[in-house]
Structure formats: structure tokens, C-alpha cells
Amino acid sequence: MVEKQVKVWFLRGLKQWNKSSNNRKMPWKGEKDPYKIWLSEIILQQTRVEQGWDYYLRFIQTYPTVQSLSQASDNEVFKLWEGLGYYSRCRNLLHTARVVANQRKGKFPDTQEGLLSLKGIGNYTAAAIGSFAFGLPLAVVDGNVHRVLSRVLGIREPVDTAKGKKRMEELAESLLDKQNPAQHNQAMMDLGATVCLPRNPNCTQCPFSKKCIACTTGTVGDFPVKSKKINVRHRFFYYLMLEYRNRLLVRQRENGDVWSQLHEFILKETDEPKELEEINRASFWGMRYAKNDWQIMDQSEPIVHVLSHQRINARIIHVRIKHPLQLKGYTWMSKEQIDQLAFPRLITRYRQSR
DNA sequence: AATACGGGGCG
DNA sequence: CGCCCAGTATT
């Protein structure tokens, strides 16, 4: 995909930079244990290094081996993942840990094909584990690599299409230093993360500043090209923290929507905003309670919770009742039980503020 | 091929 | 406010 000469100066520049100027340090850098590499890679999918850092440390401290993780309960692991987002990663993490521990004697596959067969491992993660743990000649292609390659080589093809991604993978592979895939991949990502930044890149410190198409033409801001714009859905969530004798009614969310498998209180979703006065009434929640049996303990301000594809406008009210009820799908739980479970940030924030 | 999936940081 | 982040699975 790239000319021989290009590969020569590219690898020379990358190695030189990596040796002399790359001082990036991370807990998992240089790690060889496939389990720890896998764990770090899953945590870091679409997640900034600083955000995942402490989660990684807590996970390896709590679960030092894939066996220990495989034996943990779902709730315990989700609680440790709480706040990190993209919770299907957590579900897949558990699934794969159990597959590796129970069906593969604790050994991760050491081939690209084998790695890709595991839930939660795609092209990027397979290349990362393959190269870092097993020295396989696989080139990682993540957001950093998109940036570095599109800018240096002046690739105008959008990187967020199937074709564009394929192109990036071919380019990355053709530039891979097969003598040392692990070091090469790490250097590519480090360069993207510390020099070839999304905004205001430090081109003066870049080994490719004289060769980079984007840099030499003053167009670094134009790369990488992306074609899609995301549509944001607006939703209105009203939560009822129903309390009876120090217990709250809680349920676990199903798959197929945001926050799958996390827990929450009684939820009423509406198409439009509702007045506080309306949600204060038991009838809004489909319940019949007399005034003196429906004690409003607290009401949150409107909470705007912004996700990539959704803007959730929420409000939480806390009501104490004197006569209990049963609600299908919900369970009465003590506050101690609730503290063991993972909730959306929107809810944990509210509870911590009270 | 397009879309859903979190949460936080930054200009 | 919009973009981006060590992407993947599903439709």
C-alpha cells in the first residue's frame, strides 16, 4: 500500500522518536500477561487513558487472574465497572473470562483468528493482544492511528466508513515493523496520543513534520476526515425512589437500551417534559395513594444527562409510603444491598448529593 | 452500511 | 456546544 521509500523514513522517524522523545508511561505498558493486556484493552475501548487508568488498577488488584475474574459474580464486576460506560463491554468481559477460564484452561488464544472469536474482541483488540502478548505481526488501528496515518499520508478518504477503515488497516499493516510489532504499535499510539493530538497537535515535536502532508500544507485540522454526523435522541426520564421501611424499589435494566444490566428505580419515560406538579402525583406513576400515605421526601432539580446519541432529561423524586406494594419486575432492597449494585451515573450522582 | 452504546474532558 | 477517546456488536 505504501512505497518502500515511505516505509523507510516512516519507520526510521517513528523509532527515533520512540527512543529519544517518547516518555509516556502507563500501568499496562510493556505488559506481557495476555490477561492484563486484554483487560486494559477492553477498558480502553473508546475510553481515554486517564479515565480508564484507575479502573485498570482496581480490576487487576481485585481480580489478578482470569480465573479470579471468571469466578466473580455479575453484580460485583458491574459494580467495579460502574461509571465507565459502554456496559456491554462488562458483560462481554465476564463472558470471555469464563470462556477462557473454563474452556481454555485459562489460556488466551495466541492467534488472530482465535482472539477474534472471543466476545468483545474486534480487529483493534485482537491486534493489540496479539502483538503485545504474543509478538504477532498485527498492526493496531485505533483513533490514534487514524489520525497519524491520515495526516502523514494525506488520506482524504473518510475513516468512519467500511472502505475507509479497510484502507487504514491496509496502510497500517504495510507500515508495520514486523521485527517488533509490539514496540511499533505502542509507538504509533503514543505518538498519536502525545504529539499528533486531535486538536492543536504538537507538530514541532513530530518526527514527520517535514514529510507530513497535513503539516506541510497547514491542514492538520482537516484530518482525519469523518463523514457521519450523529443524531441525538431526546428522552425524558422520571424516576421514583419509592421508600418503605428503609427499602427502595429497584430493578435491573434489560439489554437493548442504554445502561443494559445496570439497576434503577421506578422509571416513567415520556415524550415531552412534565411539570413537577404532575410527577408528584401518585397517579402519574399509575398508583393510588392517599395524600397522607404519599410523603414526598425530596425532588431533584431537572438533570440533563448527555450521552453520545442521547440527551436524557431526568428528574428524580423520593417518596415514602406507609403501605407497601408489589410491582412487577421490581424488588424491595435495603440501602446496603443497593450500594452493592451498579447504577447509571445520573442516579449515583443524585444519591451522593443527598 | 448504518446505528447504538457512556461518560468525561477540552477548546 | 461539538468533537473525541487504545471500538465492538447488532441490525
Side-chain angles (χ1 to χ4, degrees), chain A residues 24 26-29 31 37-56 78 81-93 95-96 115-129 131-132 138-148 158-166 168-169 172 182 185-194 196-201 221-233 235 253 255-262 303-312 342-349:
Chain A
R24 197 177 189 212
M26 294 169 292
W28 49 84
K29 189 164 168 176
E31 181 61 59
I37 296 167
W38 165 71
L39 186 54
S40 71
E41 296 302 342
I42 303 299
I43 287 174
L44 292 170
Q45 286 168 3
Q46 286 293 282
T47 303
R48 286 167 303 103
V49 162
E50 313 83 73
Q51 193 184 354
W53 190 294
D54 289 348
Y55 282 88
Y56 171 78
F78 268 87
W81 193 275
E82 181 183 61
L84 198 50
Y86 283 166
Y87 297 93
S88 65
R89 287 185 295 171
C90 186
R91 185 173 69 242
N92 291 332
L93 185 82
H95 177 84
T96 292
L115 288 164
L116 286 172
S117 73
L118 298 174
K119 291 266 195 248
I121 298 183
N123 287 345
Y124 163 78
T125 306
I129 301 174
S131 63
F132 294 144
L138 304 172
V140 296
V141 181
D142 70 340
N144 292 306
V145 175
H146 282 160
R147 225 165 28 248
V148 172
V159 297
D160 58 350
T161 62
K163 200 175 161 203
K165 284 185 186 126
K166 185 89 187 293
M168 279 294 146
E169 286 177 355
N185 283 335
Q186 188 63 59
M188 284 289 285
M189 291 193 283
D190 287 346
L191 184 71
T194 63
C196 196
L197 303 170
R199 278 166 308 195
N200 303 327
D222 295 346
F223 297 94
V225 175
K226 299 201 176 175
S227 63
K228 303 185 180 73
K229 26 191 170 287
I230 52 174
N231 257 351
V232 176
R233 175 154 69 126
R235 305 174 78 176
R253 288 178 66 85
N255 294 338
D257 195 357
V258 71
W259 302 323
S260 83
Q261 287 181 246
L262 267 61
I303 301 166
V304 179
H305 191 77
V306 180
L307 307 176
S308 308
H309 293 75
Q310 302 187 23
R311 172 184 298 267
I312 296 173
F343 284 75
R345 292 288 283 154
L346 156 59
I347 293 177
T348 55
R349 272 219 188 88

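These numbers come from a predicted model, not from an experiment.
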Open item on the list: Just so I know, are the side chains of Phe223(A) and Arg147(A) near enough to count as touching, which here means a heavy-atom distance under 4.5 Å?
Closed with: no
Task: Nearest-nucleotide comparison on DNA chain C, the residue closer to the 5′ end among Gly120(A) and Asp142(A) - done: Asp142(A)
TODO: Using a 4.0 Å heavy-atom cut-off across all strands, classify Met188(A) as base, sugar-phosphate, or nothing.
DONE: nothing
TODO: Any pair with a residue in residues 41-51 of chain A that passes salt bridge (Lys or Arg N to Asp or Glu O under 4.0 Å), sequence neighbours left out, goes on the list, sorted by first then second residue, please.
DONE: Arg48(A)-Glu50(A)
Task: Length of the OH-C1' vector between Tyr87(A) and dC5(B), whole Å - done: 11 Å
TODO: State which residues pass side chain to side chain contact (heavy atoms under 4.5 Å, CB included) with Ala126(A); sequence neighbours excluded, sorted by chain then number.
DONE: Leu115(A), Leu116(A), Ile121(A)
Open item on the list: Could you work out, with ring-ring contact (aromatic ring centres under 6.0 Å, His included) as the rule, every residue matching Tyr55(A), not counting sequence neighbours?
Closed with: none
Open item on the list: Can you check the distance between dT11(C) and dG6(B), where both ends of the measurement are the P atom (answer in whole Å)?
Closed with: 15 Å
- [ ] Could you tell me which non-hydrogen atom of Arg91(A) sits nearest to which non-hydrogen atom of Phe78(A), and how far apart they are?
- [x] N-CZ, 4.0 Å
TODO: Have a look at Trp53(A) and say if it touches a base, only the backbone sugar-phosphate, or nothing, with a 4.0 Å heavy-atom cut-off.
DONE: nothing
Open item on the list: Donor-acceptor check, side chain of Arg89(A) to backbone of Leu84(A), threshold 3.5 angstrom: yes or no?
Closed with: yes
Open item on the list: Looking only at the side chain of Trp259(A) (C-beta and beyond, no hydrogens), which of the listed nucleotides dA1(B), dC5(B), dG6(B) gets closest?
Closed with: dG6(B)
TODO: In whole angstrom, give me the gap between the P atoms of dA6(C) and dT3(B).
DONE: 25 Å
Task: Sugar-phosphate only, base, or nothing, as touched by Gln186(A) at under 4.0 Å among non-hydrogen atoms - done: base
- [ ] For Gly85(A) and for Lys228(A), find the nucleotide of DNA chain B with the closest heavy atom, then tell me which residue's nucleotide is more 5'.
- [x] Lys228(A)
TODO: Only counting residues at least two apart or in another chain, list the ones meeting ring-ring contact (aromatic ring centres under 6.0 Å, His included) with His146(A).
DONE: none
Open item on the list: For the C1' atoms, the ones on dA9(C) and on dG8(B), what distance do you get once it is rounded to whole angstrom?
Closed with: 23 Å
Task: Any residue meeting side chain to side chain contact (heavy atoms under 4.5 Å, CB included) with Pro27(A), in chain and number order, not counting sequence neighbours - done: Trp53(A), Tyr56(A), Leu57(A)
Task: Contacts of Gln46(A) that satisfy side chain to side chain contact (heavy atoms under 4.5 Å, CB included) - sequence neighbours left out - done: Tyr86(A)
TODO: Looking at every strand, decide which applies to Asn231(A) at a 4.0 Å heavy-atom threshold: base, sugar-phosphate, or nothing.
DONE: nothing
- [ ] For dA1(B) and dC5(C), measure between their C1' atoms and round to the nearest Å.
- [x] 23 Å
Task: Smallest separation among heavy atoms of Glu31(A) and Ile37(A), with atom names - done: O-CD1, 3.2 Å
Open item on the list: For Arg233(A), give me all partners under salt bridge (Lys or Arg N to Asp or Glu O under 4.0 Å), at least two apart in sequence or on another chain.
Closed with: none
Open item on the list: Below 4.0 angstrom, which residues in residues 303-311 of chain A have at least one non-hydrogen atom near DNA chain B?
Closed with: His305(A), Leu307(A), Ser308(A), His309(A), Gln310(A)
TODO: Test for a donor-acceptor pair under 3.5 Å between the base of dG7(B) and the side chain of Gln51(A), counting only N and O atoms.
DONE: yes
TODO: Round to a whole Å and report the spacing from CG of Leu262(A) to C1' of dC5(B).
DONE: 12 Å
- [ ] Give the first and the last nucleotide of DNA chain C, reading 5' to 3', that has any atom under 4.0 Å from a heavy atom of chain A.
- [x] dG2(C) to dA9(C)
- [ ] Rounded off to whole Å, could you give me the CZ-to-P distance for the Arg349(A) and dG6(B) pair?
- [x] 15 Å
Open item on the list: By the 4.0 Å heavy-atom rule, please label Ala128(A) as base, sugar-phosphate, or nothing.
Closed with: nothing
Task: Which residues share a side-chain hydrogen bond (donor to acceptor under 3.5 Å, both in side chains) with Arg253(A), sequence neighbours left out - done: Asp257(A), Glu264(A)
- [ ] Pick base, sugar-phosphate or nothing for Arg199(A), based on heavy-atom distances below 4.0 Å to the nucleic acid.
- [x] base
Open item on the list: Rounding to an integer number of Å, can you tell me how far Leu84(A) CG sits from dG9(B) C1'?
Closed with: 15 Å
Open item on the list: Classify Asn123(A) by what it touches in the nucleic acid, base, sugar-phosphate, or nothing, heavy-atom distance under 4.0 Å.
Closed with: sugar-phosphate
TODO: Select from Ile230(A) and Asn92(A) the residue whose nearest nucleotide in DNA chain C is closer to the 5' end of that strand.
DONE: Ile230(A)
TODO: Kindly state which residues belonging to residues 39-50 of chain A come within less than 4.0 angstrom of DNA chain B, counting heavy atoms of the residue only, listed by number.
DONE: Gln46(A), Thr47(A), Arg48(A)
- [ ] Quick one: list whatever passes side chain to side chain contact (heavy atoms under 4.5 Å, CB included) with Glu169(A), sequence neighbours left out.
- [x] Asn123(A), Val141(A)
TODO: Using a 4.0 Å heavy-atom cut-off across all strands, classify Gly83(A) as base, sugar-phosphate, or nothing.
DONE: sugar-phosphate
Open item on the list: Heavy atoms only, 4.0 Å cut-off, all strands: where does Gly256(A) land among base, sugar-phosphate and nothing?
Closed with: sugar-phosphate
